[in-house]
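Here the structure is a predicted model, which is why all the values come from computation and not from measurement.
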Amino acid sequence: MQAWQVHENGEPGEVMRLADVEQPVPGEGQVLLKVRAANINFPDALMCRGLYQVRPPLPFTPGVEICGETEDGRRVIANPALPHGGFAEYAVADARALLPAPEALDDAEAAALHIGYQTGWFGLHRRARLEAGETLLVHAAAGGVGSAAVQLGKAAGATVIGVVGGARKAEVARELGCDVVIDRREQDVVAAVKEATGGRGADVIYDPVGGQAYAQSAKTVAFEGRIVVVGFASGEIPSPALNHALVKNYSILGLHWGLYNTKNPKLVQHCHEQLVELAARGAVKPLVSERVPLAAAADAVQRVADGATTGRVTVLPSLENGAAA
């Protein structure tokens, strides 16, 4: 079969190599899956660089989120068991962790419903306890993680403010349903948030960016607000001033979704059921901006790493080379 492999750490576009390899053999408790769609996540790029908290042995195949097909024909969502990741024709996954793919979504959309939306659901509902009528601020609102949070926030009845970088991403954020869109390249984010909220600030802030975005969050969070720290796509990990959190009376909440798979897997199943229901009634629908063939995966991972994409970019092994949509 064909699979992308990383033999040394570096930029995805430089270290990912497409090769003919042996089909992976499932271990105890694992199943073999035919990859129908593999969604690209920022951690895929971090793993290529050797900067992610999970460091699979070299060589490995990236791809942490797929819609796959079991040997008996079931369509499922899974996190492949590394080093046999999803940017390949076949992958292996933990049999106990397979989730049924929603009938309302195609393969690419189903693959994209998992990590980003689970993270959003846990961040907004489990950690921040977002309530209807509150104001939610989402950084990188047009990206894969941010777009999921925007849709989930709207579904929960919140007023959503989206922060983006550039006119094209601002247009995407509006189409996603943001009530207010702030282009950080053209506007003062802090001033714009205060104007949009009448000086009160945002009740919940969803931050997958870190760096300057976190500094803006601390300045725009409301009294008794909650900042959900999801990731550091900027590459800069901030050091919060806890005295500021004390005097302004807000909470800083960390979210590592992967921990729920081991600490409380029943919650992951419950979350999936909620997401399937939302998808069935059209309240959420993953924004898949590109569907690319397997041969184009390395370039696509690099563009996601560079922040040059919107929504989700998904690899479809069945697509002919050169085809994209």
Side-chain angles (χ1 to χ4, degrees), residues 29-31 33 36-37 39 41 43 53-54 64-70 74-81 86 91 93-134 136 138 144-158 160 176-177 203-208 226-231 251 253-288 312:
Q30 295 181 331
V31 293
L33 297 174
R36 297 174 65 112
N39 186 44
N41 288 268
Q53 56 258 40
V54 176
V64 297
E65 176 179 49
I66 68 170
C67 175
E69 183 178 329
T70 63
R74 290 180 296 129
R75 202 170 65 110
V76 297
I77 294 173
N79 298 122
D94 185 345
R96 296 172 302 175
L98 299 181
L99 298 169
E103 294 181 3
L105 304 178
D106 66 22
D107 293 339
E109 293 164 344
L113 186 74
H114 193 36
I115 296 175
Y117 281 84
Q118 286 259 347
T119 300
W121 189 90
F122 275 93
L124 299 181
H125 294 292
R126 180 77 179 179
R127 302 292 283 136
R129 308 291 182 181
L130 178 69
E131 297 181 4
E134 290 191 314
L136 167 67
V138 179
V145 174
S147 62
V150 168
Q151 291 185 355
L152 289 167
K154 292 299 295 179
V160 180
L176 285 167
D203 299 291
V204 175
I205 300 179
Y206 192 80
D207 182 12
R226 292 85 78 198
I227 300 174
V228 185
V229 178
V230 182
S251 302
L253 305 170
L255 175 63
H256 177 196
W257 169 74
L259 283 178
Y260 288 97
N261 285 305
T262 54
K263 300 290 187 181
N264 196 338
K266 289 184 178 180
L267 269 179
V268 174
Q269 177 65 46
H270 171 70
C271 174
H272 183 66
E273 293 169 358
Q274 301 300 306
L275 294 175
V276 169
E277 181 181 338
L278 289 170
R281 59 185 175 91
V284 302
K285 185 180 179 68
L287 171 62
V288 180
R312 289 298 190 185

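- Not counting sequence neighbours, the partners of His270 by the ring-ring contact (aromatic ring centres under 6.0 Å, His included) test are Trp121.
- Remark: Ser251 OG to Ile205 CD1 distance equals 11.5 Å, nearest 0.5 Å.
- Here the CG atom belonging to Leu113 is positioned 6.0 Å from the CG atom belonging to Leu105, to the nearest 0.5 angstrom.
- Remark: side-chain polar atoms of Asn41 are not paired, donor with acceptor, to backbone N or O of Pro43 under 3.5 angstrom.
- Looking at Arg226, its side chain does come within 3.5 Å of a backbone N or O of Ala128 through a donor-acceptor pair.
- Contacts of Arg74 classified as side-chain hydrogen bond (donor to acceptor under 3.5 Å, both in side chains), with partners at least two apart in sequence or in another chain: Asp72.
- Taking Ala148 as the reference, Tyr117 meet the side-chain contact (heavy atoms from CB on, under 4.5 Å) condition, with sequence neighbours excluded.
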Stepwise side-chain contact (heavy atoms from CB on, under 4.5 Å) test for Leu99 and Val76: CA-CA 5 Å; Leu99 298 169; Val76 297; over 6 Å; no
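- In summary, the side chains of Asn79 and His114 do present a donor paired with an acceptor at a separation below 3.5 Å, with no hydrogens or angles considered.
- Under the side-chain hydrogen bond (donor to acceptor under 3.5 Å, both in side chains) criterion, Gln118 pairs with Trp257, not counting sequence neighbours.
- Arg129 has no carboxylate O lying under 4.0 Å from a charged side-chain N of Glu134, or vice versa, which leaves the two without a salt bridge.
- For the pair Asn261/Leu259, no side-chain contact is recorded, criterion being any heavy-atom separation below 4.5 Å from C-beta on.
- The shortest side-chain heavy-atom distance between Val145 and Arg312 falls under the 4.5 Å cut-off.
- With rounding to the nearest 0.5 Å, the separation of CG in Asp203 from CD1 in Ile227 is 12.0 Å.
- Applying the 6.0 Å contact sphere to CZ of Arg281 captures more than 12 heavy atoms from other residues, nucleotides or ligands.
- Side-chain contact check for His272 versus Ile77: some heavy-atom pair is nearer than 4.5 Å.
- Side-chain contact between Val228 and Asp207 is absent, with no heavy atoms from C-beta onward closer than 4.5 Å.
- Here the SG atom belonging to Cys271 is positioned 11.5 Å from the CG atom belonging to Asn264, to the nearest 0.5 angstrom.
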Is there a side-chain contact (heavy atoms from CB on, under 4.5 Å) between Val160 and Val138? Walk through the geometry before answering. CA-CA 7 Å; Val160 180; Val138 179; 4.2 Å; yes
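- Under the rule for a side-chain hydrogen bond (donor to acceptor under 3.5 Å, both in side chains), the partners of Glu109 that lie at least two apart in sequence or sit in another chain are Lys285.
- Residues Leu287 and Leu176 meet the side-chain proximity criterion, which asks for heavy atoms closer than 4.5 Å.
- Considering CG of Leu124 and OH of Tyr206, their distance stands at 6.0 Å, rounded to 0.5 Å.
- Here the side chain of Glu65 pairs a donor or acceptor atom with the backbone of Ile115 at under 3.5 angstrom.
- Closest approach of Leu152 to Gly120, counting heavy atoms only: CD1-C, 3.6 Å.
- With a 6.0 Å radius and a threshold of 12 heavy atoms from other residues, nucleotides or ligands, Glu103 has its CD atom at or below the threshold.
- Thr119 contributes atom OG1, which lies 9.0 Å from atom NE2 of His256 (distance to the nearest 0.5 angstrom).
- Partners of Glu69 according to the side-chain contact (heavy atoms from CB on, under 4.5 Å) rule, which considers only residues two or more places apart in sequence or in another chain, are Lys34, Arg36.
- Between Leu267 and Arg126 the shortest side-chain heavy-atom distance falls below 4.5 Å.
- Using a 4.5 Å heavy-atom cutoff, the side chains of Arg96 and Leu98 are not in contact.
- Across Leu278 and Ala155, no two heavy atoms sit closer than the pair CD2-CB, 4.2 Å.
- With contacts defined as side-chain heavy-atom distances shorter than 4.5 Å, the pair Ile66/Asn39 does not qualify.
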